[in-house]
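Notes for the one structure printed next.
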Amino acid sequence: MAERPGRKPRKPRTAHVVRTERLSPHMQRVVLGGDGLADFAADTCTDHYVKLLFGPEGVSYPEPFDLERIRAEFPREQWPVTRTYTVRAWDPEHRELTLDFVVHGDEGLAGPWSTRVRPGETVRFMGPGGAYAPAPDADWHLLVGDESALPAIARALESLPADARAHAFVEVSGPEEEQKVDTEVQIVWLHRGERPVGEALLEAVRGLDFPEGRMHAFVHGEAGFVKELRRLLRVERQIPREDLSISGYWRLGHNEDGWQASKREWNARVEAEQEGGEGGAAAA
């Protein structure tokens, strides 16, 4: 993807794989390290993310790796593509960056890569970005998401003080996909089975007895159910826009390239539709 006009080109970072671990049947962990992380920092947001760069199969690039040169000299179909992943953990002392990947066999690009990559292999990425951390002055927190949001939700929960009030709902395919999270909050694990993605999350949030006081919410995952929860929170519950971090990380039937290309239009359409209700909707 080309840089937007007026945006200063960003320099990719280079790291290497330190180790990998299978967390569950559909979740793979990859830990990165190396001197390329010397000035990396991901400690202000719990939804920090990086954009991994993947070159097409059979295409090699000259060293030193220069993304601007590649885009100037290589045909567009040979440019690296990006895949976005949340920073599950960042250890500045050991310079280790942990990323978790949802894996569905050979489907997709980054998931299969995460299962076959080996220690010592080079990884290039952009970032970090990020915008959310649990507000310390909120009375309670709501965290909702599918597998794609689990790393960010887990990191947010682990950042909360022991006495924080929070409701966390995570939808996974089945009990074998549940993970241990270092938090005092009791996570409600919802097992999707054969149901549509997000259906159980919608039911759970609709059935929640909302506590009194100011809520700060993090709602992310498949765009369809996120749209419905945005309506519930913004229109029905009248939650202020500034108290919501809500976005579609992915969309059924789209890979990341297709989703990112249409996401802005999708968000604008959703916002316009929901502004016909009571107060509009937060943009993703």
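Worth knowing before you read on, the calculation uses all heavy atoms, side chains too, and leaves out hydrogens, waters and symmetry mates.
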In the structure I gave you, are the side-chain heavy atoms of [X] and [Y] within less than 4.5 Å of one another anywhere?
X      : Y      : answer
Leu143 : Val219 : no
Leu99  : Arg29  : no
Asp100 : Leu150 : no
Pro175 : Trp189 : no
Val205 : Phe210 : yes
Pro62  : Arg69  : yes
Leu160 : His141 : yes
Thr84  : Val50  : no

Measuring from [X]:[atom1] to [Y]:[atom2], what's the distance to the nearest 0.5 Å?
X      : Y      : atom1 : atom2 : answer
Leu208 : Arg237 : CG    : CZ    : 7.5 Å
Glu236 : Leu229 : CD    : CG    : 10.0 Å
Leu201 : Glu171 : CG    : CD    : 4.5 Å
Leu142 : Leu233 : CG    : CG    : 6.5 Å
Met27  : Glu21  : CE    : CD    : 12.0 Å
Glu147 : Ile153 : CD    : CD1   : 10.5 Å

Can you tell me if [atom1] on [X] sees more than 12 non-hydrogen neighbours from other groups inside 6.0 Å?
X      : atom1 : value
Asp209 : CG    : no
Glu107 : CD    : no
Glu184 : CD    : no
Glu212 : CD    : no

Inset, instruction - Evaluate side chain to side chain contact (heavy atoms under 4.5 Å, CB included) for Leu37 paired with Leu97, printing each intermediate quantity in order. - result: CA-CA 8 Å; Leu37 297 176; Leu97 171 62; 4.2 Å; yes
If I compare all heavy atoms of [X] with all of [Y], which pair ends up nearest, and what's the gap?
X      : Y      : value
Ala138 : His216 : CB-CB, 3.8 Å
Pro80  : Ile70  : CD-CG2, 3.9 Å
Ala200 : Arg195 : CB-NH1, 3.7 Å
Leu32  : Ala15  : CB-CB, 4.1 Å
Trp79  : Phe74  : NE1-O, 3.0 Å
Val197 : Arg192 : CA-CD, 3.4 Å

Closer than 3.5 angstrom, by distance alone: can the side chain of [X] be matched with the main-chain N or O of [Y] as a donor-acceptor pair?
X      : Y      : value
Glu121 : Arg118 : yes
Arg22  : Pro25  : yes
Asp146 : Glu222 : yes
His48  : Cys45  : yes

Legend entry - Pair Glu96-Arg19, salt bridge (charged side-chain N to carboxylate O under 4.0 Å, His left out): steps then yes or no: CA-CA 10 Å; Glu96 290 190 348; Arg19 60 186 177 275; 2.9 Å; yes
Inset, instruction - Test Val17 against Val30 for side chain to side chain contact (heavy atoms under 4.5 Å, CB included), laying out the working first. - result: CA-CA 7 Å; Val17 176; Val30 177; 4.2 Å; yes
State plainly whether one hydrophobic cluster holds both [X] and [Y], where clusters connect Ile, Leu, Val, Met, Phe, Trp and Tyr through side-chain heavy atoms under 4.5 angstrom apart.
X      : Y      : value
Val18  : Val123 : no
Val31  : Val181 : no
Ile239 : Val226 : yes
Leu53  : Tyr49  : no
Val144 : Leu232 : yes

Inset, instruction - If the plane angle is over 60° it's perpendicular, under 30° parallel, otherwise tilted; pick one for His26 and His104. - result: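 His26 vs His104 ring planes: tilted.
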Inset, instruction - For the pair Phe54 and Trp113, name the ring-plane relationship: parallel under 30°, tilted 30 to 60°, perpendicular over 60°. - result: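 Taking Trp113 first and then Phe54, their aromatic rings stand perpendicular (interplane angle over 60°).
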Inset, instruction - May I ask you to check whether Tyr85 and Phe101 place their ring centres under 6.0 Å from each other? - result: yes
Legend entry - Centroid-centroid distance, Phe225 to His220, less than 6.0 Å: no
Inset, instruction - Kindly indicate, with the supporting measurements, whether the criterion side chain to side chain contact (heavy atoms under 4.5 Å, CB included) is fulfilled by Arg155 and Thr86. - result: CA-CA 10 Å; Arg155 195 173 183 200; Thr86 301; 5.9 Å; no
Legend entry - salt bridge (charged side-chain N to carboxylate O under 4.0 Å, His left out) between Asp39 and Arg13, worked out: CA-CA 10 Å; Asp39 63 344; Arg13 298 177 183 271; 2.8 Å; yes
Inset, instruction - Sort out for me which residue in Asp47, Leu157, Leu244 forms a side-chain contact (heavy atoms from CB on, under 4.5 Å) with Phe218. - result: Asp47
Inset, instruction - Check whether the side chains of Glu158 and Thr183 place a donor and an acceptor atom closer than 3.5 Å, and report yes or no. - result: no
Inset, instruction - Indicate whether any N or O donor in one side chain lies under 3.5 Å from an N or O acceptor in the other, for His167 and Gln186. - result: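 Side chains of His167 and Gln186: no pair found under 3.5 Å.
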Legend entry - Electrostatic pair Asp139-Arg165, nearest N-O below 4.0 angstrom: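 The answer is no: the pair does not qualify as a salt bridge.
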Inset, instruction - Kindly indicate, with the supporting measurements, whether the criterion salt bridge (charged side-chain N to carboxylate O under 4.0 Å, His left out) is fulfilled by Glu228 and Arg206. - result: CA-CA 11 Å; Glu228 296 306 314; Arg206 284 196 175 278; 5.4 Å; no
Inset, instruction - Take His191 and Glu178 through the test side chain to side chain contact (heavy atoms under 4.5 Å, CB included) and record every step on the way to the result. - result: CA-CA 9 Å; His191 303 150; Glu178 296 183 16; 2.7 Å; yes
Legend entry - Evaluation steps, salt bridge (charged side-chain N to carboxylate O under 4.0 Å, His left out), between Glu63 and Arg124: CA-CA 13 Å; Glu63 294 291 345; Arg124 293 186 172 91; 2.9 Å; yes
